[in-house]
Structure formats: structure tokens, C-alpha cells
Amino acid sequence: MSVITIQVDGAKQEVESGADGFAVYKSKTVVAQRVNGALRDLAWPLQDGDSTEAVEISSPDGLNILRHSAAHVLAQAVQNINPEAKLGIGPPITDGFYYDFDVVDPFTPEDLKRLEKEMERIIRAGQRFVRRVTNDGDARTELAKEPYKLELIGLKGTDAVGDGAAEVGAGDLTIYDNNDPQSGETVWRDLCRGPHLPNTRMIGNGFSLMRSAAAYWRGNEKNKQLQRVYGTAWPTKDELRAYLERLEEAAKRDHRRLGAELDLFSFPEEVGSGLAVFHPKGGIIRKTMEDYSRQRHEESGYEFVYSPHVTKSNLFETSGHLDWYSEGMFPPLQLDEEVDENGHVRKKGQDYYLKPMNCPFHILIFKSQGRSYRDLPLRMFEFGTVYRYEKSGVVHGLTRARGFTQDDAHLFVTQEDIEVELRVVLEFVLGLLRDYGLSDFYLELSTKEEGNPKFVGDDAIWQSATATLEKVATESGLTLVPDPGGAAFYGPKISVQARDAIGRTWQMSTIQLDFNLPERFDLEYTASDGTRKRPVMIHRALFGSIERFFGVLTEHYAGIFPPWLAPVQVVGIPVAEEFNEYLGEIVAGLKKQGVRASLDVSDDRFPKKIRNHTKDKVPFMLIAGGEDRDAIAVSFRFRDGTQENAVPVADAVERILAAIRDKTQV
RNA sequence: GCCGACUUGGCGCAAUUGGUAGCGCACCGCUCUUGUAAAGCGGGGGUUGUGGGUUCGAGUCCCAUAGUCGGCUCCA
């Protein structure tokens, strides 16, 4: 036997010729190897001079391999139970995997249970995943009964593969056989570029099927819907359990659930899908958010404007919205048409639309008089309520509604001022988001997609606008992620993405440059040299929509709002009725200073009162009995159950006022 | 919009194969109430989302419709 020299995890090693990953890695937690930078099965034979690195099951690559292998096992289980099922694709995704099937009947929850059992059987059998190189012709014969796989073979090597990349890649066309370890027989196969776990046993018991849903083949609405089964898979049962607990935790802070529990808002069926009403407690939070936003805008040179909710159609014809986005608008109200007895139109009617955007109104305000360079930058701000006809399947609590209020501003600036104005706006946006308690950001630069007719306007203008945005974004020091094709139809944008308390990211603020609408509306100002020039518009919203931001904050805080936002900031809880008067005076004093404080004089007993207000997530509970009254003190209790006794009243009041004033969390 | 599931007092849930709609919390009343996450007793409240149908009989089966949920597509 000859000997070859290879690099194993950076160290030189001599091994027998023909050795593979199994010969090099003995650890059971190594599931694959990276050979000369490419992910390979452990069974991949190593050549002289190769460099190989171990892929641990718990590494990002390892988890993907585990999950992709679990997807194969799922597909095998489906075809074992229903041989007529046609295979779509089955890639790993964040925290799990899915596989798409063309089946006559959609999967039921009972089906999923049965599939899990069958998967367990396959996993216990310890089937080997074996890679086999094939070619177009052979693969087509072998997979003749799999129409979707045949389509993928035809797409091999093209960009159109998209999600199918797990099946066919740039290299050889490969099929993975699942071989029974006893008989050596191939029991199942799938077109796949791999790599895979050495055998199914390594999937262990850390997997679970989560749900089924329909999904369009290759993500295209015009294609047939396949039935998708989602699963999750982890190296160990404990990690699976921890994952399910994380989901449970996220469900607990779902703003739709907290909205009902804390009596913040609701979506009455009588009003319509996606249309919220805010209850008094939610109303206080919302008003506080709005008041603070107004105050900051005022301090930063914005002027406040107002515009109506409906307008004649010509406004949105000029803006271009009716051309491109009429599907997203509520249908028109047809007014003023008069028809005579013969059915002939005597007076032509007029279409009115609910506004899906505020910008055209602000533009009209700009146009209401001749503008000079001295007026610029002109910053118009409005809490503008807009209505968008979201498709019925996409409405989602406050985060995707059909009626919502944008904290919308439009800045009219000279070409020369764009950069400095953008910088100021970005700083303003980030500062304000921080005040509301979000602090972990990155930026996304949404640009135009070449060749897509959705994007209007001159290429050169797009390029310079994009370059300016990129420059400002980069200078902010935050991470900048490209988002090709994500721009608005009228211009590129920066969006601020914020991570919440449990690490989820939300798109918050957007700052969009617009060279298009000023053109369409023929906006002009007189420059210092007397010439007429066209201003540039910057669209920006911080919250995006107040409702959505409200929902995000609710989830970020899990309903435990910081005192300045909490609907009830202080509750006085007397140990017994006798102390109502003593505590009542303290509460009255707080109220006089603008604190949202109340005294619990209900018939409930003392412990019940503590329970009630803790559940309501009131930040400060002031408790008083005989000891406290004698010392002119209170017992200061917090919603996490901690308490400080014998706090002098003046100290307690000062701490409450400070927390509210400084917007700190307690 | 597409696929699937779901909808029972304010909220969370029950109701064997179709056979008298129940429970907890909340609410109302009374009694009690000085120390840290649920006092006791009593009471009211639902034509089971809505509209049709099948049946001697429908919360339960069928159709339609509204809404919700999970995905897909979409998100100016």
C-alpha cells in the first residue's frame, strides 16, 4: 500500500492511499468533511495533497447536513406510505427542513404522526447514504416517474434553479442511494448533490415534524401548489426540546396574544380584516409613543401637516401608484355620476380612492406656492393613516394590517444637500429608535434590479442615488447588507433592521431617495442664481407604521413595557382598608406630577391585589401597612416579584419620576 | 389570492358513535379582609361566527359566507 500526504484540520498527516474521511475522523460527532474547501461526504476518497477539515454536527454546515438528511428520510417515509407521491425539493432551512410533495390529498396532522413513526423506523435501520455520479440520460431514465426531478435536471447549471440548488449544483449530477446495511440493497434514492450524513442513525431522536402547508412549485404563484411538510432536527433530543421551548417563549410574547391579555387592542370582526381598534390601555401607549415622536420631530426642524384619507383618482394617476399598485389599493368609490332614464350618463362621475400613501399630498403642499432655495430643506411630517388592500392571506395582527398610520415625512432638498440631509436623517432615526428601547441595528441597502420594468426613471440617476445612500450608510459604521431588487419603484432606499430582545430582526425605518415623483409632479424651486431647479425628495418613516412598531415593541418587551410607556405606571396597594388614605395621598401626589397612578380600593384581599397587578405588568407597586405608615415609607414592589421595604416616600417618588423621565426599564 | 386547519358566555377550555350545552377565570351581590402571586358563599350570562341544507333530532354531518391561525405568493 502506498502512502499519501494530506492536511487534516491544518496538520500534515500521512495516510494510506485511498483513505477517506472515516479513516481520518474517528469522532462520532463529525458528520462530513470539507475537502479543499468543498463539503464532501466522509466517504469521499482523499487524494495526495488534499486538505480536509472536520464538519462537526453542531456546526452550521453540520446542522444543514443533518437537516437535509432528515428531509431525505421524510421523503422516503412519504413514498413508503404513499408510493404515488411525487418528489419536489427538500432543502434545509433555519432550524429545520422541509420537503415538497405532489400528492392528491394534503397531509393531515395524523399523517404527520404516521410519517414520524415511519421516519423513526428508517432512522433506526441505519441506512447508509451513498453518493453515485450519474449523467443526464441515466438520471432521466431512473427518475422517469419523478416529473419535478426531471425538470430540475433540465435546469442544472442555470440560475433558474433557485431553491433547487440542493438537488442539482454546478458539479457532477449525483444521486444519493439509501442502502440497507443488512442486505446492502438500495431501498430509496433521490437526486441530490449532498453531502449527507454517513447513515440515518445519526439523525437520532432530535427531530420532529412541525406542520404541513401548500407551497407553489419553485416559488411561482403560476405553478401548481405542492404539499410541503416542515420539520425540525437537532443533534440531540435536549436541543430539540430547547428549540420547542424557544418557540413557546416566542408565542408567549406574540403581540396578538398580549394585545388581548393586556387589553391593548382588538380586531373586531364587525370592522373587517386587518383593521384594529385600540383600547384605552393600548391607546395610552400609542399616544405616548406619538407624543414623544412629535416632540422630537418638532425639535429637529419638521413642520406638521395634515391630509385627507380620500382623494380623486388623478392624484394617484400622476404619482404612478394607480399604474403599478392599483391591486394593493382599495377599490374606488364612484361618486357624482348622474344617469338619465335611458341609462345615458348625463354627468360624468369621479373616482375617489382611499390613500395608500401620503407623499402626493405633501407634494401638493410643496406646490401650493412658488418655492425658493431658501425654503429648503422643507421637512413635512404627518401621522398619516393609509389603507392598503392586503391580500386576505397575508394580514397578520398589527404588523400587516389594511389600515395603519405611518409616521411619514417627506423632505424636499436641493441636489447639493442630499448627502448631508441623509446623514442627519439617519442619525435622527437611530437616535429615536434607541429612545424606544431598540439598540441593535444593521442597515439594508435596497437597490434596483436590472431589467425589471417595475423600476422607473433614468439609470444614471439611480446610480448616483444608490451611491449616495451607500456612502451615508457606510459612514454610519453599522453593518450594511445589500438587498438587490428591493428598492421602491421610484428610488433606492436604506432600511434600518432592528434585532429585538430574543434576536429576531424587524425592518423598522426606511429612508428612500426619490428623483421620480418630483419629475412627475414637475416640482421646482428658484435657485440662488435665479434658475429653476428640481428638488429631490426623501421619504422616510421611523416606525414604518405606528401599529406595526407598537406590535414590535410589545413583542420586544414581552408586554413588560418600560415605565414611560406602561399604561398604568404605579398602583398603590394597601395592606388593609385602613391604609387607603395614607397611600391615597401618595398616589394623588404622583398623579399631580403627571404619573399614571391609581389606588387599588377593590374588595380583593391584599395578596390577590399583588397578583392582579403583577399579571398586568404594572412597573411599580407601592405597598403600605402600619409599619410603612409609621416610618412615612412604602414597600416598593416590582413586577419581577422583587421588593424593597421601608423606602422613604420621597425616595420612592423620586425613583418613579426618574425612571419615567429617563425612559429606563425596570 | 392559493392550500390546509380552526371558530362553543368577556378570556381560556369541555361536551362518547348526531340525543337535555358544561368548567375555570372574569363579571354582579353578600359576608370577610393588617403584610406579599387566587378568601368564602350565592347569582347572572351562550338560539355553539353567520346563512342555508340533511335528519324525528345538529355544537357534532353537508354547502356557502365571514373571521382567525399556519404556510405559499405578495408587501409602494
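- Contact check on A:D100 versus A:R228 returns a salt bridge, with a Lys/Arg side-chain nitrogen under 4.0 Å from an Asp/Glu carboxylate oxygen.
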Taking protein heavy atoms under 4.0 Å as touching, what does nucleotides 1-13 of chain B look like 5' to 3' if B marks base contact, S marks sugar-phosphate-only contact and - marks none? BBBS---------
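- A:F550 has its ring centre less than 6.0 Å from the ring centre of A:F278.
- Of the side-chain N and O atoms in A:S273, none sit less than 4.0 angstrom from OP1 or OP2 of B:A66.
- Taking 4.0 Å as the cut-off between side-chain N and carboxylate O, A:R629 and A:E578 count as a salt-bridged pair.
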Test side chain to side chain donor-acceptor pair (under 3.5 Å) on A:S326 and A:H321; report intermediate values, then the result. CA-CA 7 Å; A:S326 57; A:H321 288 105; over 6 Å; no
Atom pairs under 3.5 Å, N or O on each side, protein against nucleotides 34-38 of chain B: can you list them with distances?
unit_1, atom_1, unit_2, atom_2, d
B:U34, O4, A:E578, OE1, 2.1
B:U34, O4, A:E578, OE2, 3.3
B:G35, O6, A:G626, N, 2.9
B:G35, O6, A:E627, N, 2.9
B:G35, N1, A:D628, OD2, 2.8
B:G35, N2, A:D628, OD2, 3.4
B:G35, N2, A:S635, OG, 3.0
B:U36, O2, A:R637, NH1, 2.6
B:U36, O2, A:Q643, OE1, 2.6
B:U36, N3, A:Q643, OE1, 2.7
B:U36, N3, A:Q643, NE2, 2.6
B:U36, O4, A:Q643, NE2, 2.6
B:A38, N7, A:R611, NH1, 3.4
B:A38, N7, A:R611, NH2, 3.4
B:A38, N6, A:R611, NH2, 2.8
B:A38, N1, A:R611, NH2, 3.1

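- B:C61 and B:U48 are spaced 15 Å apart, taking the P atom of each and rounding to whole Å.
- Using cut-offs of 30° and 60° on the angle between ring planes, the pair A:H396 and A:H255 is tilted.
- For the residue pair A:T232 / A:D95, no side-chain donor-acceptor distance below 3.5 Å is found, with atom types taken as modelled.
- The distance between the ring centers of A:Y243 and A:W234 falls below 6.0 angstrom.
- Annotated stems with RNA chain B as a participant read B:1-7 with B:66-72, B:10-13 with B:22-25, B:27-31 with B:39-43, B:49-53 with B:61-65, given as range with range, by first number; only runs of 3 or more Watson-Crick or G-U pairs under 3.5 Å qualify.
- Of the candidates B:G71, B:A76, B:C32, B:C32 carries the atom nearest the A:R605 side chain, counting heavy atoms from C-beta on.
- When each of A:R504, A:R253, A:R548 is paired with A:E555, the salt bridge (Lys or Arg N to Asp or Glu O under 4.0 Å) condition holds for A:R504 and for no other.
- Geometric assessment of A:R499 against the ring of A:W506 yields a negative cation-pi assignment under the 6.0 Å and 45° thresholds.
- The base of B:C69 lies outside donor-acceptor range of the side chain of A:R257, with no N or O pair under 3.5 Å.
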